[in-house]
*Asks:* 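Sending over a structure as structure tokens; questions will come in a sec.
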Amino acid sequence: MQLWFTEMHCEGAKFSIKVKKCVYGGESPFQRIDILDTEAFGVVLVLDGIVMLTERDEFIYHEMIVHPAMAVNPEIKNVLVIGAGDGGTIRELARYGSIERIDMVEIDREVVEVCKKYLPKTACAFDDKRVNLYFEDGLKFVRGKKNEYDLIVVDSTDAFGPGEGLFTREFYGNCYNALKENGIMVNQHESPFYPEDAKLVSNAHFHISSLFPVSRVYQAHIPTYPSGHWLFGFASKGIDPVEDLKEDYWNSLGIETRYYNTRLHKGCFALPTYVEELLKDEDY
Ligand code: AG3
């Protein structure tokens, strides 16, 4: 007998992974949580039927959501992480001795518990003394915060279900206020390829660029996400992600990565023409 997990990537295309075993399945107050053991991608975290990460390719996502910002501003000390219950983002952040405080706000306590048990290589930094974990709605947490963080990382689910509020103008505006003058916001920015996802991309970019003086988008290749072509947003009050890259500084840290490097950093902000066009789109 063969068991396959399938995610619809758009109305007419789906992506399937052969499953060795379903190791966990449950309903939290917020969503359905499944953990699958698979031949091709190792352990996979699925929320509400959507692949959040796989052991095989999560390094790409987590390195790319953290290191570009850290390589442009060595002064980052106070970080806010929103979502990211699997722990991959704080694992990458915890590699920087210069970071003093990481506030992490995850709405769903059960995601953290399940990931600690089944994805220990991802959920390995929760005990770091600099990490303060809040089980709250990120949207509410950031409301009213002023001038407090050097970096905000928005590591959300897709823009429906519990993650929906994290794609709104109100939320991005609150992040702007919560950031210090040299602050940077990085967000997972969805995929530009399938039309439904592309709408989220242009919508998010439209809001972010109306609030932040610098708003750029960069890309990575993530095999298990729709189309395998993924975007991240880099927004700041002035720091430019390419001109302000501190290449020698970052390389001197000796942080070992498997996807990110400072050569790729310069290239990943160069986007395909159809994506450039999409980002100009104001008709969402
Ligand atoms: N968060 C973004 C996952 C989006 C995947 N979308 C999809 N498969 N349709 C990942 C969380 C990792 N910390």
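Here, residue 1 is the first one in the sequence, and each next residue gets the next number. Read the numbers this way: they start at 1 and go in the same order the structure lists the ligands and their atoms.
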*Asks:* Would you sort out whether D155 and Y61 count as a side chain to side chain donor-acceptor pair (under 3.5 Å), showing the intermediate values?
*Replies:* CA-CA 10 Å; D155 179 2; Y61 180 94; 2.6 Å; yes
*Asks:* Any salt bridge (charged side-chain N to carboxylate O under 4.0 Å, His left out) involving residues 65-84? Give me the pairs, sequence neighbours left out, ordered by first then second residue.
*Replies:*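 As it turns out, the salt bridge (charged side-chain N to carboxylate O under 4.0 Å, His left out) pairs with a partner in residues 65-84, which skip direct neighbours, are E75-K77.
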*Asks:* Mind jotting down which protein residues get a heavy-atom contact under 4.0 Å with ligand 1? Chain and number order, please.
*Replies:*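 Residues within 4.0 Å of ligand 1: E7, I50, V51, M52, Y61, H62, D86, D155, S156, D158, Q188, Y225, P226, W230.
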*Asks:* Side chains of F59 and T257: does their closest heavy-atom pair fall under 4.5 Å?
*Replies:*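 A side-chain contact under 4.5 Å is absent here.
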*Asks:* Indicate the ring-plane relationship of H189 and H205, choosing parallel, tilted or perpendicular according to the 30° and 60° boundaries.
*Replies:*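 If you compare the ring of H189 with that of H205, the planes turn out tilted.
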*Asks:* Can you check side chain to side chain contact (heavy atoms under 4.5 Å, CB included) on I60 and H221, steps first, answer last?
*Replies:* CA-CA 8 Å; I60 305 173; H221 305 94; 5.8 Å; no
*Asks:* Would the number of heavy atoms belonging to other residues, nucleotides or ligands and lying under 6.0 Å from CZ of R109 be above 12?
*Replies:*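 No.
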